[in-house]
Participant: 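Pasting a structure below so you can have a look.
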Amino acid sequence: MLRRDENMTDENLIKRLAKEISNAKKVIALTGAGISTESGIPDFRGPKGLWKRYDPEQSTYTFFRRDTKRFWELQIQMEEDGFDLSKAKPNPAHLALAKLEELGYLSCVITQNVDGLHQKAGNTDVIEFHGNSNRAICIECKRCYPMSEVKSRVKSGELPPLCEYCGGILKPDAVLFEEPIPTEALYRAQDEAASCDLMLIIGTSATVHPAAGLPSIAKSSGAKVVEINAEPTPLTGTISDYIIEGKVGKTLPKIVEEVEKLERL
Ligand code: NAD
């Protein structure tokens, strides 16, 4: 595995990766909460992660059904604590991935994030592995509502918020612990992982399954696996061929700049 401290400067490592990207037939990206921290959205397990302040048990489907009123109150409290997706804007890392797609080098993004920032940045093929918290969904009829509208209803006392059509309870359209991954997203992500020849793994602790299993699918199908993260993960030294350590808002734009330079040669 290649990393900075093995007699290789950051610059050379980035140049080498840019070459791999420009030579690959199919590059895909798997992203996690770490790509959005520089947009002001806290991650879960990083040093300032939400799990330092909240109990993950309160993000389970059991808790949602047992105490729906409290669950929604916590959604509002988390928004006040910085987990406010409605105001977040794409940062240089999201924009770099959009640029990589525009240049014709990125086939799709599989994201564990629920913030919609890849689409806002301009990526057109985004597989939402864990749904999207900018929407709420009725657990009965599956009708969707904009989250901003539902949160306003909650703030004005509608607890729990109900579907205007069938009276079912509304839930954020994000996958809670214990809920299955949406089937279409799961199968498509597995197919993309099995058919790529380079996977960029960006800003994820690679601990939440089944998303954390996608790099092994890519690797066992012969793909190169590249981690771009602030810290090592369980993939580092096992599955990854490269790790580029540091803030993604700095490293990803540099990588894409190098790819652009190669294209101009
Ligand atoms: P995680 O919190 O488990 O791990 C984030 C990783 O990114 C950590 O290793 C951290 O060190 C790294 N990181 C943080 N900021 C970084 C930066 N600026 N540059 C480089 N690396 C950085 O996140 P996960 O693996 O995605 O799993 C958490 C789950 O929680 C996801 O499945 C997702 O559904 C959900 N989540 C989503 C959001 C969001 O939509 N923005 C935010 C928090 C959690």
Side-chain angles (χ1 to χ4, degrees), residues 3-4 10 14 29-61 74-75 78-79 81-97 109-121 123 126-135 147 172-182 185-186 189 200-215 226-237 240 242-255:
R3 61 194 298 174
R4 186 179 47 194
D10 269 351
I14 284 173
L30 169 65
T31 66
I35 197 170
S36 294
T37 53
E38 290 166 74
S39 292
I41 304 172
D43 60 13
F44 279 171
R45 293 172 191 78
K48 294 182 188 153
L50 282 172
W51 293 157
K52 302 261 187 309
R53 285 170 280 163
Y54 291 93
D55 181 357
E57 202 275 324
Q58 292 171 329
S59 286
T60 59
Y61 192 72
L74 283 166
Q75 298 303 301
M78 279 162 95
E79 178 182 284
D81 271 2
F83 197 71
D84 183 1
L85 308 183
S86 62
K87 294 198 187 93
K89 293 195 176 69
N91 66 53
H94 296 104
L95 297 173
L97 277 190
V109 178
I110 304 165
T111 189
Q112 300 167 82
N113 294 344
V114 292
D115 55 29
L117 288 180
H118 290 301
Q119 292 92 328
K120 274 194 193 167
N123 281 107
V126 180
I127 302 171
E128 291 180 329
F129 206 75
H130 291 160
N132 191 324
S133 279
N134 291 301
R135 300 184 295 261
M147 182 55 96
D173 193 13
V175 176
L176 299 178
F177 289 124
E178 304 167 347
E179 283 193 295
I181 305 300
L186 176 65
L200 300 170
I201 302 167
I202 304 162
T204 172
S205 62
T207 48
V208 180
H209 282 272
L214 294 170
V226 178
E227 263 187 284
I228 305 168
N229 209 51
E231 57 183 358
T233 75
L235 304 176
T236 317
S240 305
Y242 291 75
I243 177 159
I244 299 192
E245 289 177 82
K247 290 207 162 191
V248 289
K250 286 220 166 99
T251 51
L252 257 182
K254 279 191 198 154
I255 294 165

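Ligands are counted one by one from 1 in listed order, and the atoms in each one are counted from 1 as well.
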Participant: Quick one: nearest non-hydrogen protein atom to atom 41 (N) of ligand 1, plus distance?
Facilitator: Asp115 OD2, 2.7 Å
Participant: Geometry only, no angles: is Pro42 polar-contacting ligand 1 at N/O separations under 3.5 Å?
Facilitator: no
Participant: Between Thr233 and ligand 1, does any nitrogen or oxygen pair lie at a separation below 3.5 Å?
Facilitator: no
Participant: Looking only at heavy atoms of Val114, does any of them come nearer than 4.0 Å to an atom of ligand 1?
Facilitator: yes
Participant: Rounded to the nearest 0.5 Å, what separation is found between the CD1 atom of Ile35 and the CG atom of Asp43?
Facilitator: 12.5 Å
Participant: Search all heavy atoms of Ile41 against all heavy atoms of Ala88 and return the closest pair with its distance.
Facilitator: CD1-CB, 3.6 Å
Participant: Does ligand 1 have an atom that lies less than 4.0 angstrom from a heavy atom of Gly203?
Facilitator: yes
Participant: Drop me the distance from His94's NE2 to Asn113's CG, to the nearest 0.5 angstrom.
Facilitator: 6.5 Å
Participant: With atoms numbered from 1 as shown, which atoms in ligand 1 lie under 4.0 angstrom from a non-hydrogen atom of Ile41?
Facilitator: 41 (N)
Participant: Kindly give the heavy-atom pair with the smallest separation between Asn132 and Gly116, and that separation in Å.
Facilitator: ND2-CA, 3.9 Å
Participant: When you measure from atom 21 (N) of ligand 1 to each heavy atom in Ala230, Gly116, Gly32, Ser39, which option holds the nearest one?
Facilitator: Ala230
Participant: Of the protein's non-hydrogen atoms, which lies at the shortest distance from atom 13 (N) of ligand 1, and what is that distance?
Facilitator: Gly34 CA, 3.6 Å
Participant: Answer yes if the side chains of Thr31 and Thr111 hold a donor-acceptor pair under 3.5 Å, and no otherwise.
Facilitator: yes
Participant: If you round to the nearest 0.5 Å, how far is OG1 of Thr204 from CD1 of Ile228?
Facilitator: 12.5 Å
Participant: Quick one: look up the protein heavy atom nearest atom 25 (O) of ligand 1 and list residue, atom name and how far away it is.
Facilitator: Thr204 OG1, 2.6 Å
Participant: Is there a polar contact, in the sense of an N or O pair closer than 3.5 Å, between Thr37 and ligand 1?
Facilitator: yes
Participant: Heavy atom to atom 5 (C) of ligand 1, shortest distance: which of Leu30, Asp43, Asn91 holds it?
Facilitator: Asp43
Participant: Judged by modelled atom types alone, do Ser36 and Asp115 share a side-chain donor-acceptor pair under 3.5 Å?
Facilitator: yes
Participant: Any nitrogen or oxygen of Val248, main chain or side chain, under 3.5 Å from a nitrogen or oxygen of ligand 1?
Facilitator: yes
Participant: Kindly compute the distance separating CG (Asn229) from OG (Ser205), expressed to the nearest 0.5 Å.
Facilitator: 8.0 Å
Participant: Can you sort out the partners of Tyr54 under ring pair (Phe, Tyr, Trp, His ring centres under 6.0 Å), two or more places apart, ordered by chain and number?
Facilitator: none
Participant: With atoms numbered from 1 as shown, which atoms in ligand 1 lie under 4.0 angstrom from a non-hydrogen atom of Val208?
Facilitator: 27 (O)
Participant: To which protein heavy atom is atom 37 (C) of ligand 1 closest, and what is the distance rounded to 0.1 Å?
Facilitator: Asn113 OD1, 3.8 Å
Participant: Consider only side-chain N and O atoms of Glu128 and Gln119, and report whether a donor and an acceptor are under 3.5 Å apart.
Facilitator: yes
Participant: Within the side chain of Asn123, is there an N or O that forms a donor-acceptor pair under 3.5 Å with the backbone of Val109?
Facilitator: no
Participant: Nearest to atom 12 (C) of ligand 1, what protein heavy atom do you find, and at what distance?
Facilitator: Asn229 OD1, 3.4 Å
Participant: Looking only at distance, does Ser205 have an N or O less than 3.5 Å from an N or O of ligand 1?
Facilitator: yes
Participant: Could you tell me which atoms of ligand 1, counted from 1 in the order shown, lie closer than 4.0 angstrom to a heavy atom of Ser36?
Facilitator: 41 (N)
Participant: Nearest protein heavy atom to atom 28 (C) of ligand 1, by residue and atom, and its distance?
Facilitator: Arg45 NH1, 3.4 Å
Participant: Ignoring hydrogens and geometry, is there a side-chain-to-backbone donor-acceptor pair from His130 to Val114 under 3.5 Å?
Facilitator: no
Participant: Report yes or no: does a heavy atom of Ala212 sit under 4.0 Å from some atom of ligand 1?
Facilitator: no
Participant: Could you pull out the closest heavy-atom pair between Pro234 and Ala206, with the gap in Å?
Facilitator: CG-O, 4.0 Å
Participant: Show the atoms of ligand 1 that are less than 4.0 angstrom away from any heavy atom in Gly246.
Facilitator: 19 (N), 20 (C)
Participant: For the pair Glu38 (side chain) and Gly249 (backbone), establish whether a donor and an acceptor sit closer than 3.5 Å, ignoring hydrogens and angles.
Facilitator: yes
Participant: Is Phe44 in polar range of ligand 1, meaning some N or O pair under 3.5 Å apart?
Facilitator: yes
Participant: Considering the heavy atoms of Ala33, write down every atom of ligand 1 situated less than 4.0 Å from one of them.
Facilitator: 23 (O), 24 (P), 26 (O), 38 (C), 42 (C), 43 (C), 44 (C)
Participant: Just which atoms of ligand 1 are under 4.0 Å from any heavy atom in Lys247?
Facilitator: 19 (N)
Participant: On a heavy-atom basis, I'd like to know which of Glu231, Glu38, Lys250, Gln112 is closest to atom 34 (O) of ligand 1.
Facilitator: Gln112
